[in-house]
Structure formats: C-alpha cells, structure tokens
Amino acid sequence: MQQSDDQILATLRDTDRDRYLACLLSPAEKRHSLAALYAFYAEIARVRDMVKEPLPGEIRLQWWRDTLENEQSDGAGHPLAEALLRCIREHHLPVRVLQDMIDARIFDLYDDPMQDRAALEGYAGETASALIQLSSLILDPDNAARSADAAGHAGVAQTVAGLLLLLPVHVGRGQVYLPAELLSATGLDRETLLAGTDESAIERAVRAFCGLGRDHLAKAREGAGAISGRNFSAFIPVALAEPVFDRAEAAGARILRQPLQPPQWQRQWRMWRASRRREF
C-alpha cells in the first residue's frame, strides 16, 4: 500500500505540481486520499493532450466511467484506479459527482463554443468546484457542506485562471473557452480571437474574462468564514488565481504570445502562505 501511495504521489508531482504541493501541505493522514483524487483529476483533464482525435479521448473517459460504475471493480491492476476506488470507499465519496466530472471533460475533446457565462460556470462547477468539495469531504466530512458555496465560486475563479494560462494552447488548436456572449460584448468573435488580429478587442475580452474570475474569487473570499480549519487545505490552490489575473490584465493581447505562469517558487510561496494564514 505504501509503495502504491508513493507511486500516486509521484504521478501527481509529474502531472499537477501545484496540487502536489497542496497535497503535501495537507494533513499527513489525508495525503494518500487527496493524491489519488487530484491525480485522477489531472488524468482526465489532460486527455485532449494525449489523443489526436475525439473518439480515443471518449474511449479513455468511458473507461474511467465504467470503472466507477462497477461496484465490484478493484481497479483491474491500474494503480491510479485502485487508489481512487480506495479513496471513494474510505471517504464515502459520491460517485455521481465523479461521473459528472468525467462527462464535463468531453467538452475538452471538441472545438465547440462555450456559449455563455452560465455554460462556463456549469463546466467549472462540475470540474474545479466539484474537486474542492470532494477534497473537503476527505478532509472534514462533518463540515464540508458549510463551505459548498465558497467551493463553487472558488472553482470558477480557478477555472478562469487556468483557461487564461492555457489560452495560447487552446487558440493554437482552435478551442475557445471564453463565452461567446463575452466575446460579442467586447467586439470580438471566435474567428477574430483565433486569428489574433484585433488586439484592442482581445485586450477587452481578456480584461472582461479576468473580471469574471475576480468576481467569483471575491465571492469565495466572502464565504471563507464557513470553511472549517481542517477543510482549508482543499482551498490552498485557489491562492494561485489572483496572480494570473494580474498578469493577464497586464499582458492584454500579448497573452497569446507570452507565458503567464508565475515561477514555481512564487507559486509554492503563495500556497505555503495561504496554508499558514488560511486565506486565499
């Protein structure tokens, strides 16, 4: 079991360095479960990067869905699946939430437009927000429900920040996660964004998208008082959102050409400070 846990932590370190550190900043007795959950999240989040066509991606996601639906499954010798199933059973995690998380990732496999703010918030709710809430059920199940509202807003803020970081990658392969209504309101459309020709409109769209993220971050902070001390570890990665908004607003249209990700040491320091101050 120890060897398996170490393997999952190593996998998480390679696939999601920030949540790996958040895991290390969490209570030691919860790390193996959090690592399994975070590594699963990273695995389904990167399916688009591992396939050239949507169908193989859907097959990968379906394998995970089938594994979760089979109540007798032990993971079929797949270390991450085995660890995730142990985590689910140990902490009585709702499988339906994990299935919805898998289904939400189907959107990543295609280049369909994100129609409006509600669609984006729904996508974030079933992915990043759900991850925070599931983490809370691992850390402090008795008080997890109290922080559900904060988790919802925090997840949207995280999603917006993550999409800003990946904007050059997404544009390069024809994906647009910025809501169509936001693009329209800032004088932009999908084709113009992909072409990168109207820099003034792109800058307005980036600022508006940052504003959406900041709005949800502010609401998450307003609800932070409901987060129990033991559950705060689930929110540590949210501390990385605001620096991305700052950098994106400063970059404007250059966001398509220059990396936004702060250096690793800065991200580690922000998460460490968040864990000590219990604020994000």
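Residue indices begin at 1 and follow the sequence shown.
By the 4.5 Å heavy-atom criterion applied to side chains, I88 and L68 are counted as neighbours. The side-chain heavy atoms of I236 and F280, taken from C-beta on, include no pair separated by under 4.5 Å. I44 has its side chain out of reach of T127: every pair of non-hydrogen atoms, C-beta onward, lies at least 4.5 Å apart. No side-chain heavy atom of P262 sits under 4.5 Å from any side-chain heavy atom of L240. Using a 4.5 Å heavy-atom cutoff, the side chains of L37 and R19 are not in contact. Counting only heavy atoms from C-beta outward, the side chains of L34 and L139 approach each other to under 4.5 Å. Counting heavy atoms from C-beta on, the side chains of L109 and L61 come closer than 4.5 Å. Within the 4.5 Å cutoff, side-chain heavy atoms of D103 are placed close to those of R65.
Applying the salt bridge (Lys or Arg N to Asp or Glu O under 4.0 Å) criterion to R117, with sequence neighbours excluded, gives E121, D215. Residues satisfying the side-chain hydrogen bond (donor to acceptor under 3.5 Å, both in side chains) criterion with R221, sequence neighbours excluded, are E242. Evaluation of the side chain to side chain contact (heavy atoms under 4.5 Å, CB included) rule for P259 yields no partner, not counting sequence neighbours. Residues satisfying the side-chain hydrogen bond (donor to acceptor under 3.5 Å, both in side chains) criterion with T192, sequence neighbours excluded, are D189. Under the ring pair (Phe, Tyr, Trp, His ring centres under 6.0 Å) criterion, Y38 pairs with no residue, sequence neighbours left out. For D198, the side-chain hydrogen bond (donor to acceptor under 3.5 Å, both in side chains) test picks out no residue, with sequence neighbours left out. For R267, the side-chain hydrogen bond (donor to acceptor under 3.5 Å, both in side chains) partners at least two apart in sequence or on another chain are D18, Q264. Scanning for side chain to side chain contact (heavy atoms under 4.5 Å, CB included) contacts around A154 gives I132, A220, F235, V238, with sequence neighbours left out.
Residue R278 holds its CZ atom at 7.5 Å from OG of S233, rounded to the nearest 0.5 Å. Of the inter-residue distances, the one linking S33 atom OG with I8 atom CD1 reads 11.5 Å to the nearest 0.5 angstrom. Taken to the nearest 0.5 Å, the CG atom of L217 stands 8.0 Å off from the CZ atom of R214. Between the CD atom in E203 and the CZ atom in R254 there is a gap of 8.5 Å [rounded to 0.5 Å]. Between F40 atom CZ and M101 atom CE the span is 6.5 Å, to the nearest 0.5 Å. The distance from atom CG of L84 to atom CG of L93, rounded to the nearest 0.5 Å, is 8.0 Å.
Cluster note: I59 groups with L55 through ILVMFWY side-chain heavy atoms spaced under 4.5 Å, whether in direct contact or through intervening members.
Following chains of ILVMFWY side-chain contacts shorter than 4.5 Å, one cannot reach L166 starting from V156, and the two form parts of different hydrophobic clusters. Hydrophobic clustering of Ile, Leu, Val, Met, Phe, Trp and Tyr side chains at less than 4.5 Å, counting indirect connections, keeps I106 apart from L120. Note: the hydrophobic cluster containing L12 does not contain W272 (ILVMFWY, side chain heavy atoms under 4.5 Å, direct or indirect links). Linking Ile, Leu, Val, Met, Phe, Trp and Tyr whenever their side-chain heavy atoms come within less than 4.5 Å leaves L167 and V169 in two separate clusters. Taken together through direct or relayed side-chain contacts under 4.5 Å among Ile, Leu, Val, Met, Phe, Trp and Tyr, L134 and Y20 form part of one hydrophobic cluster.
Between E29 and R230 no salt bridge is recorded (no basic side-chain N to carboxylate O distance below 4.0 Å).
The one candidate from L188, L178, T197 that meets the side chain to side chain contact (heavy atoms under 4.5 Å, CB included) condition with I202 is L188.
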Checking side-chain contact (heavy atoms from CB on, under 4.5 Å) for the pair L137/H91: CA distance, chi angles, key distance, verdict? CA-CA 7 Å; L137 288 171; H91 300 284; 5.8 Å; no
Just do the side chain to side chain donor-acceptor pair (under 3.5 Å) check on D66 and Q62 with the steps written out, would you? CA-CA 6 Å; D66 292 343; Q62 184 62 48; 2.6 Å; yes
Starting from the C-alpha separation in whole Å, work towards a yes-or-no answer on side-chain contact (heavy atoms from CB on, under 4.5 Å) for D111 and R190. CA-CA 11 Å; D111 299 334; R190 179 180 184 276; 3.9 Å; yes
Between M50 and E43, is a side-chain contact (heavy atoms from CB on, under 4.5 Å) present by the stated rule, with each step listed? CA-CA 10 Å; M50 296 187 291; E43 181 71 13; 3.9 Å; yes
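Side-chain atoms of S136 never come within 3.5 Å of backbone atoms of A144 as a donor-acceptor pair (strictly under, hydrogens ignored). Using a distance-only test at 3.5 Å, with no hydrogens or angles considered, a donor-acceptor pair links the side chain of R31 to the main chain of S26. Put simply, the side chain of R48 never gets that close to the backbone of F107: no donor and acceptor are under 3.5 Å apart. Of the possible polar contacts, none joining the S147 side chain to the A150 backbone as a donor-acceptor pair under 3.5 Å is found. The main-chain N or O of D140 is found under 3.5 Å from a side-chain atom of N231 such that the two form a donor-acceptor pair.
The number of heavy atoms from other shown groups lying within 6.0 Å of CD (E53) does not exceed 12.
Listed by first and then second residue, the side-chain hydrogen bond (donor to acceptor under 3.5 Å, both in side chains) pairs that reach into residues 148-168 are H153-H216, sequence neighbours excluded. Sorted by first and then second residue, the side-chain hydrogen bond (donor to acceptor under 3.5 Å, both in side chains) pairs involving residues 171-183 (not counting sequence neighbours) are D49-R173, D108-Y177, R173-Q175, Q175-Y177.
The minimum heavy-atom distance linking A124 with G155 is given by the pair CB-O, 4.1 Å. Here the closest heavy-atom approach between residue R146 and residue S228 is recorded as NH1-CB, 4.4 Å. Closest of all the heavy-atom pairs between V171 and L193 is CG1-O, 4.1 Å. Closest approach of A201 to G187, counting heavy atoms only: CB-O, 3.7 Å. Taking all atoms of both residues into account, the shortest heavy-atom contact from I138 to K30 is O-NZ, 2.9 Å. Taking every heavy atom of both residues into account, I102 and W64 meet most closely at CD1-CB, 3.7 Å.
Y41 carries R105 over the face of its six-membered ring, with the cationic atom under 6.0 Å from the centre and within 45° of the normal.
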Identify each donor-acceptor pair in which a side-chain atom of residues 204-213 lies under 3.5 Å from a protein atom, sequence neighbours left out, and give them as a table.
{"from": "R204", "atom 1": "NE", "to": "T186", "atom 2": "O", "distance (Å)": "3.2"}
{"from": "R204", "atom 1": "NH2", "to": "T186", "atom 2": "O", "distance (Å)": "3.1"}
{"from": "R207", "atom 1": "NH2", "to": "E249", "atom 2": "O", "distance (Å)": "3.3"}

